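Below is one structure; the comments refer to it alone.
Quick caveat, the model's predicted, so the values are computed rather than measured. Each chain gets a letter, A, B and so on, in the order its sequence line appears, and its residues count up from 1.
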2 protein chains.
Amino acid sequence: MGAMPHIPAAAKPTATRKDVARLAGVSTAVVSYVVNGGPKRVSPATEAKVRDAIAALGYRPNAAARALKLGSSEMLGMIVPDTTNPFFVLLAHAVEVAAAERGYALLIANSDASVTAERRHVESLASRRVDGVFLSSVLFEPDLRDLEAADISVVLLNHSTDSPGFASVGVDLRGGARVAVEHLAGHGHRDIGLVMGTSTGGGQDAREVGWLEGIRAAGLVPGPIVRAPFRREDGYRVGLELAASTDRPTALFASSDILAVGLLRAFHESGVRMPEDIAIVSFDGSPEAEFSWPGLTTLAQPIEEMARAAVEALVGDGPASNRIFPPTLVRRASCGCQASDPLTPRTTAAPHHLG
Amino acid sequence: MGAMPHIPAAAKPTATRKDVARLAGVSTAVVSYVVNGGPKRVSPATEAKVRDAIAALGYRPNAAARALKLGSSEMLGMIVPDTTNPFFVLLAHAVEVAAAERGYALLIANSDASVTAERRHVESLASRRVDGVFLSSVLFEPDLRDLEAADISVVLLNHSTDSPGFASVGVDLRGGARVAVEHLAGHGHRDIGLVMGTSTGGGQDAREVGWLEGIRAAGLVPGPIVRAPFRREDGYRVGLELAASTDRPTALFASSDILAVGLLRAFHESGVRMPEDIAIVSFDGSPEAEFSWPGLTTLAQPIEEMARAAVEALVGDGPASNRIFPPTLVRRASCGCQASDPLTPRTTAAPHHLG
DNA sequence: ATGAAAGCGCTAACAA
DNA sequence: TTGTTAGCGCTTTCAT
């Protein structure tokens, strides 16, 4: 306990509902009615007495008891695969806000891209009887058995393939990638490579499909594909290789901002100018893309909307659905759009929308 | 519940401890003993029977019931002021890991630098009967009354002034700032400015004190002080002003990496070269400092250690203490240390440690 | 409009 | 070594 900030002598045992009832001269049921605003009505006079007693005692309902009785903890869980990636961090924060709006607290667990940790966390969340979990899984095809067994609802967050029977919220990876490539082609590029993030599960990432579609649509030949884990340092590593290679493409689509951040750094060190020597468009729309040098043209994910949709899917009462949101192309300097590269204003003016 | 991923027909009511007891042919107490490993011993044979029953039923203890009985939720709360700042995000993650090591889940709440939100979250955490909270307050002198009233332990995380009676964990802001300035002075700079982040509460930030100390120690005259909120865009804004000013200092100490990231961007746009025209040292040691261009020399906070110490302070049994950790100077290119600016290896070799 | 009381699932003191 | 049982604080049905 060493951390108590006050003089222990003052420690009064936490007031319970019974104490309030006694002080207010009513039954415990009545206290419940006023605290919860129902299910029965109470007369204004008694209500006032109860409120006074609550205030006098500093009474605070015990969430555990409530959860036990109700069978609902009014908590939601979220499993985040990578706190090193600002995209997930922003997403988690947005979810926390959206959940709070509906009275739910959020228990966040980081799986750090480990399947074992993911399972362990599912276990812990199930035990805590969360009312549902947002799973941003490492796996392409996440293992939902534990969740099923525990009879807890899931929404797959950041999942972009339609999976009948599951609720999911994601972004249109394929369409976004395609827009990226077409944008680059619009700048006159004919040799457009792909820097693709690799994830744990198998399965092909839709960004790769979209990239290829964009290439085909522009009547081009696919440029080189480079693969690396979704981390800045791996983007850096492959950037160094790309910079040194003799048949370097003139443009690159990077499947994530953090990969692009690594590329930027590698190209700077190698004296490869952007966008003159190589143009880049990336994916996510994180703050790092905005403040990098040059600013990264990126497909911004509508994080708040996705978070809201996910919460709705989890605790709302619509049917299970697969919601796919379109990303927005935010033009900055890395693709060649802006020569002077002024900072993108926060309130993005008239962005290009997909779909 | 539209989000259920399985065929509802299969939904079996969650097994309780009583079901396990029945199936194993023992009493509920015995089940408790094996689940909790005590307080009584059970024979290996019965233990096996119980474990089988648990597995067969997919039994999972109900944390709410346990919390109600024990008066402890085995959850800790953390109030984070700004999820836009990677430092806090990393810190929260480290705390989550450290807490998990001791069997605690972490309920994270973002106050977004709002005092109202901070209070609301304290309220909610208190109601959920968390066993303690980590408070990274917006306020210089946080308001602990609610926490006291709720009789819940607190450790002030990211709090660097000694406050008798409170447990706190922080970094040596003053010493770090001083090292930064001395390092810059060592590079020959005589005009060293300060870009200071402003926070909600009053009170002087120790980094400002340290900066001044460093200046004095080097026998210099204080350079200009510029103040801005702790955000990338504000760093950018003041960077633009600094770039345009006629009596710009030759070096800058920025009180946070994110401020420095904004400065970097502004200087690039303005054609101010770093470190040639202006050298920069910042504070925190976030990944953004590592991947920026040029790489930022920064005072890295020992986040994992701080997190561990905070958890220890909250749930360990030592006396309340004020732990101050020394930051480490990580040399990169922004101060003028590295001409070629290769990426700092992850395993920082022989860094300079503060006393 | 208010009250009495059962019971949510679990722990641990006490009994056997 | 194992079993019985009294609550933890709350919600809500069923009386009054």
**Asked** Counting only side-chain N and O atoms of A:R66, is one of them less than 4.0 Å from OP1 or OP2 of D:dT11?
**Response** yes
**Request:** Give a yes or no on whether a donor-acceptor pair under 3.5 Å exists between the nucleobase atoms of D:dG9, that is its base, and the side chain of A:Y59.
**Result:** no
**Within-4.5 Å side-chain heavy-atom neighbours: B:L125 and B:L107** = yes
**Message:** Could you check whether the side chain of B:R41 and the base of D:dT2 have a donor-acceptor pair of N or O atoms closer than 3.5 Å, going by distance alone?
**Reply:** no
**Message:** From NZ of B:K49 over to C1' of D:dT2, roughly how many Å is that when rounded to an integer?
**Reply:** 10 Å
**Item:** A:S127 side chain to B:P61 backbone, donor-acceptor under 3.5 Å
**Value:** yes
**Asked** Which part of the nucleic acid does B:V26 contact within heavy-atom distance under 4.0 Å: base, sugar-phosphate only, or nothing?
**Response** sugar-phosphate
**Value in whole Å for how far the P atom of D:dG9 lies from CD of A:E74** = 19 Å
**Request:** For the pair B:N110 (side chain) and B:D112 (backbone), establish whether a donor and an acceptor sit closer than 3.5 Å, ignoring hydrogens and angles.
**Result:** no
**Asked** Which nucleotide in the list D:dT2, D:dG9, D:dT4 gets nearest to the side chain of A:L68?
**Response** D:dG9
**Prompt:** If you pin A:L70 and A:E47 to their nearest nucleotides in DNA chain C, which one's is more 5'?
**Reply:** A:E47
**Prompt:** Would you say C:dG3 has OP1 or OP2 under 4.0 Å from some side-chain N or O of A:S27?
**Reply:** yes
**Request:** Starting at atom CZ of A:R22, determine the distance to atom C1' of C:dG3, rounded to an integer number of angstrom.
**Result:** 16 Å
**Request:** Could you tell me whether the side chains of B:S72 and B:D131 share a donor-acceptor contact shorter than 3.5 Å?
**Result:** yes
**Prompt:** Can you list the steps and then say if B:E312 with B:R323 is a salt bridge (Lys or Arg N to Asp or Glu O under 4.0 Å)?
**Reply:** CA-CA 11 Å; B:E312 170 64 32; B:R323 300 261 270 131; over 6 Å; no
**Message:** Looking at the base of D:dG9, is there any donor atom on it, or on the side chain of A:K69, that sits under 3.5 Å from an acceptor on the other one?
**Reply:** no
**Item:** Rounded distance (Å) that lies between atom P of C:dC10 and atom CZ of B:R129
**Value:** 20 Å
**Message:** Under 4.0 Å from OP1 or OP2 of D:dT2: is there any side-chain N or O of B:S43 that close?
**Reply:** yes
**Message:** Just the rounded figure in Å: distance from P of D:dC8 to CZ of A:R17.
**Reply:** 11 Å
**Fill in**
Per atom distances to the B:Y33 side chain, the nearest of C:dA13, C:dC10, D:dT11 is C:dA13
**Message:** Given the structure, check if the side chain of A:K18 and the base of D:dG9 hold any donor-acceptor pair shorter than 3.5 Å.
**Reply:** no
**Asked** Counting any heavy atom closer than 4.0 Å, what does A:T46 reach on the DNA or RNA strands: base, sugar-phosphate only, or nothing?
**Response** sugar-phosphate
**Asked** Between A:N36 and D:dT11, is there a side-chain N or O to OP1/OP2 distance below 4.0 Å?
**Response** yes
**Prompt:** When all nucleic acid strands are considered with a 4.0 Å heavy-atom cut-off, which category describes B:S32: base, sugar-phosphate, or nothing?
**Reply:** base
